[in-house]
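Heads up, the thing below is written out as structure tokens.
Atoms within a ligand are numbered from 1 in the order they appear, just like the ligands themselves.
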Amino acid sequence: MSEIKKVRVPDIGDFKDVPVIEILVKAGDELAAEDSLITLESDKATIEVPSPYAGTVKTISVKVGDRVSEGSEILSMEVSAEHTDEAAKAAQSEQAEPPEQTERTASSDNGQDKAQPEHEGAADTVSAEQASAYRGSARQPSQMISASQDSKQAEVKPHAGPSVRRFARQLGVDLSKVIGSGPKQRILKEDVQAFVKQALSKSQNLGVGGGGFDLLPWPHVDFAKFGPIELKSLTRIKQISGANLHRNWVMIPHVTQFDEADITDLEALRKEYNENQQAQAGTKLTILAFLMKAATAALKKFPEFNASLDSSNGEANLVIKRYYHLGFAVDTPSGLVVPVIRDIDQKGVMMIADELGKLSSLAREGKLKPTDMQGASFTISSLGGIGGTAFTPIINAPEVAILGVSRATLKPVYRNGEFVPRLILPLSLSYDHRVIDGASAARFTSHLASILADMRLALF
Ligand code: CAO
């Protein structure tokens with residue numbers, strides 16, 4: 001036995017005259033109880049109305065654009081008596097434990113909702129803990145479907161909730177191409193995200209182009225709850241360099257090679273020179289000027305460190321530079337800047353030291369021109385004047401390596417049967433592992449250390 005049942009808009013809270021934005025079924029459709037029938041969209045929320053019965057759709061009484069309220073007829077269904085009984089039981093249990101029939105935004109608006117990640121739209125509102133639990137579930141992300149699946153899928157209306165449909169519309173995703181991983185292949189927001197991610201990764205050029213990360217939202221904490229706070233805006237330099245550092249950190253697979261150089265003899269030479277110069281008030285020679293010269297000699301021997309990755313023609317190439325323009329990080333009151341000294345290979349340490357001093361002063365006064373900071377093929381970041389034993393500098397893209405230098409200290413070194421005090425300079429070389437292998441990095445820093453121990457090697 002079966003009977004015809006009219007399905008009406010259920011209690012939708014305070015919403016009245018809400019426009020119908022989607023009709024999700026058609027006459028003849030076989031439905032299970034809880035399948036979505038229509039989508040309503042008020043100015044505050046999107047509401048999906050589920051079927052109270054299992055059965056066959058006979059007639060549809062609304063069309064897109066109609067305005068409905070509680071009690072408005074939606075459609076009629078042929079329902080078997082058995083299903084009607086089940087529905088009655090379900091309705092009873094619903095009263096004890098209301099199901100989630102409406103969109104998150106609607107229910108959270110009236111304060112009745114607790115977001116549950118199993119349903120679409122939840123990702124908009126879930127807490128960090130809920131989201132991480134969701135990500136940890138066994139659900140498989142959706143995949144792009146083949147052309148044959150595509151045509152089959154086109155006959156079937158994609159099974160997705162309103163927030164997911166809206167999300168897909170915003171991103172321009174054709175839901176018929178997305179495979180749902182929810183119950184009854186329902187398409188979840190995650191499936192749309194996975195679809196977009198896959199499409200993006202297909203269009204990327206060998207990992208050198210843009211990138212997408214399916215990360216949790218940043219936690220927003222009201223710190224004032226825990227004690228007094230003060231707001232300070234980041235300087236313009238920090239905002240610009242921060243964005244660059246962030247991109248470089250996430251897009252370049254960094255590895256840092258640590259090494260040490262014995263600069264005892266170099267330091268003796270430097271001090272002797274500076275003492276003579278002080279009498280004449282000449283340029284002060286710092287370790288950094290020697291480091292630039294030594295690094296240039298090492299770059300000549302290992303050209304892949306003086307290079308950039310390029311994928312503009314669709315395949316990955318290494319652009320090896322036959323010029324030696326070295327950037328050096330300068331700590332200024334407004335933030336980090338990196339002026340560049342050009343053609344180090346053609347300059348002596350005195351000329352380099354002179355430019356270092358001038359560019360550092362301009363940097364601290366905020367007077368560097370854009371051209372002063374362009375064209376570097378390799379960068380040195382020296383924290384030696386401040387302290388520290390080692391650090392992991394971030395590569396200054398599109399370069400492929402950066403040398404970090406920490407504070408030189410006297411260390412006991414075993415030589416000819418006895419410990420002797422030697423001045424040891426810590427080196428930290430970060431490199432792009434797509435371009436440089438660990439063995440090459442170890443060879444580079446060993447060679448650099450040999451040059452710093454005996455600058456005559458820079459002549460070869
Ligand atoms: N070990 C021991 N002493 C060192 C040293 C080292 N590696 N490097 C420099 N020093 C000494 C210098 O010899 C100098 O001592 P004296 O005054 O007795 O001669 C003193 O430290 C100060 O040197 P300096 O810092 O003025 O000069 P520099 O050429 O070494 O460095 C510059 C210039 C511009 C690189 C530096 O001032 C600077 O700004 N460093 C910070 C860079 C930075 O922030 N990097 C981090 C980037 S990532 O966030």
Side-chain angles (χ1 to χ4, degrees), residues 234-235 237-246 248-249 252 254 256 258-278 281-295 326-341 344 349-368 372-373 376 378-397 399 401-411 421-430 445 448-449 452-453:
L234 285 182
T235 62
I237 288 182
K238 280 204 167 152
Q239 289 183 29
I240 295 169
S241 65
N244 279 292
L245 289 165
H246 186 192
N248 300 349
W249 181 248
I252 302 174
H254 283 70
T256 305
F258 301 105
D259 212 334
E260 292 182 331
D262 183 337
I263 57 163
T264 316
D265 298 339
L266 181 61
E267 185 61 1
L269 173 73
R270 191 183 75 85
K271 278 198 168 143
E272 188 185 332
Y273 177 85
N274 277 340
E275 277 160 20
N276 291 338
Q277 279 299 107
Q278 252 169 14
T283 300
K284 184 178 158 190
L285 205 47
T286 66
I287 300 170
L288 191 51
F290 288 102
L291 267 166
M292 288 196 152
K293 203 68 199 159
L326 267 54
F328 63 103
V330 182
D331 175 38
T332 79
S334 313
L336 181 70
V337 289
V338 185
V340 179
I341 303 183
I344 299 273
V349 278
M350 282 318 302
M351 191 184 278
I352 296 169
D354 188 46
E355 281 193 48
L356 257 173
K358 286 180 180 147
L359 285 169
S360 302
S361 302
L362 287 174
R364 292 197 175 105
E365 291 158 16
K367 291 184 180 163
L368 283 176
D372 292 331
M373 295 179 276
F378 181 82
T379 294
I380 299 182
S381 175
S382 171
L383 290 172
I386 302 167
T389 53
F391 65 109
T392 52
I394 297 178
I395 296 164
N396 196 15
E399 295 155 41
I402 180 168
L403 178 69
V405 183
S406 299
R407 190 163 192 81
T409 49
L410 275 177
K411 284 189 177 178
R422 304 293 294 179
L423 189 64
I424 303 298
L425 180 73
L427 306 172
S428 309
L429 177 83
S430 292
T445 55
L448 178 62
L452 290 167

> Can you check side-chain contact (heavy atoms from CB on, under 4.5 Å) on Leu285 and Phe290, steps first, answer last?
Replying inline: CA-CA 8 Å; Leu285 205 47; Phe290 288 102; 3.5 Å; yes
>> Run Leu383 and Val405 through side-chain contact (heavy atoms from CB on, under 4.5 Å) and show every step you take.
In response: CA-CA 6 Å; Leu383 290 172; Val405 183; over 6 Å; no
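At a threshold of 4.5 Å between non-hydrogen side-chain atoms, the residues Leu326 and Ile380 count as touching. For the pair Asp331/Leu336, no side-chain contact is recorded, criterion being any heavy-atom separation below 4.5 Å from C-beta on. Taking the side chain as every heavy atom from C-beta outward, Leu356 and Thr286 approach each other to under 4.5 Å. Between Leu266 and Leu452 there is a side-chain heavy-atom pair separated by less than 4.5 Å.
Among protein heavy atoms, the minimum distance from atom 38 (C) of ligand 1 is reached at Arg364 NH2, 3.7 Å. Counting protein heavy atoms only, atom 6 (C) of ligand 1 is closest to Gly384 CA, 3.4 Å. Taking atom 27 (O) of ligand 1 as the reference point, the nearest protein heavy-atom neighbour is Thr286 CG2, 3.9 Å. Nearest protein neighbour of atom 31 (O) of ligand 1, counting heavy atoms only, is Leu288 CD2, 4.0 Å. Atom 41 (C) of ligand 1 has Ser382 O, 3.3 Å as its closest protein atom, hydrogens excluded (heavy atom only). Protein heavy atom nearest atom 13 (O) of ligand 1, with residue, atom name and distance: Arg270 NH2, 3.2 Å. With respect to atom 11 (C) of ligand 1, the closest heavy atom belonging to the protein is Gly385 CA, 4.0 Å. In this structure, atom 46 (C) of ligand 1 lies nearest to the protein heavy atom Ser381 OG, 3.1 Å.
For Thr256 (side chain) and Leu429 (main-chain N/O), no donor-acceptor pair under 3.5 Å exists by modelled atom type. Proximity of a side-chain donor or acceptor of Thr283 to a complementary backbone N or O of Asp354 within less than 3.5 Å is not detected.
Under the 4.0 Å distance rule, the nearest protein heavy atom to atom 44 (O) of ligand 1 falls inside the cut-off. Protein heavy atoms are found less than 4.0 angstrom from atom 19 (O) of ligand 1. In this structure, atom 34 (C) of ligand 1 has a protein heavy-atom contact shorter than 4.0 Å.
One distance of note links CD of Glu355 with CG of Leu362; it measures 11.0 Å at 0.5 Å rounding.
Considering backbone and side-chain N/O of Ser406, one or more are found under 3.5 Å from N/O of ligand 1. For the pair Ala408 and ligand 1, the shortest N or O to N or O distance falls below 3.5 Å.
Met373 CE: more than 12 foreign heavy atoms inside a 6.0 Å radius.
The atoms of ligand 1 that sit less than 4.0 Å from any heavy atom of Ser360 are 34 (C). The ligand atoms of ligand 1 that sit less than 4.0 angstrom from a heavy atom of Leu425 are 7 (N).
Distances from ligand 1 to the non-hydrogen atoms of Leu356 include no value under 4.0 Å.
The salt bridge (charged side-chain N to carboxylate O under 4.0 Å, His left out) test with Glu260 singles out one residue from Lys411, Arg407, Arg422, and that residue is Lys411.
Contacts between Leu336 and ligand 1 below 4.0 angstrom, taking non-hydrogen atoms only, involve the side chain exclusively.
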